[in-house]
Every structure is written in structure tokens, then in C-alpha cells.
Amino acid sequence: MTNIYPSYYKDFTCITSACRHNCCIGWEIDIDSDTYEKYMRTDGEMGERLKKCCSASPVPHFVCAGDGRCPFLNSD
């Protein structure tokens, strides 16, 4: 499988609450298999949130909310 991404991708860092825009709204955020398995083994409140917000089909990914936002994208 060939990965296609912008040339600046390796230098990109999300600035979270300092961002004036939300470039990730509407994206399906895929998760690599190892990370997905780690998320599924996470305990506690965060583990419950991860289990509710991730899907393995057709590839591991975060399930976007009805408004197209990542379930972890909030006002901060």
C-alpha cells in the first residue's frame, strides 16, 4: 500500500487550543493496528471513551460525531 501525504506532513504538529481553525473536521482519522489494540486494552474512563469512539471496520479509525468532528475534538 502506498501512503500519500503532503511533503510537510512529517514536520506538522497540531497546535490544539492555539489553533484558529480545525483542519481535521470531516476527516476520518485512521489508527494503526498496534495503536488500536493498545486503545482497546486501555482501562478506566479514558479506556471507555476510546472503546466507544473507535471502530476496527473496515480499518481501525475514530468514529466521527454527527457533525463530522473527532470525538476528542473539543473547544480546548
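Atom NZ of K51 sits about 12.5 Å away from atom OH of Y39, to the nearest 0.5 Å. Of the inter-residue distances, the one linking S55 atom OG with I31 atom CD1 reads 9.0 Å to the nearest 0.5 angstrom.
Atom NZ of K38 has 12 or fewer neighbouring heavy atoms from other residues, nucleotides or ligands inside a 6.0 Å radius.
When side chains are defined from C-beta on, P71 does not count as touching R49, because their heavy atoms never get closer than 4.5 Å.
Taking the six-membered ring where tryptophan is involved, the planes of F72 and F62 are perpendicular, since the angle between them exceeds 60° and thus also 30°.
D32 meets the side chain to side chain contact (heavy atoms under 4.5 Å, CB included) test with D34, T35; sequence neighbours excluded.
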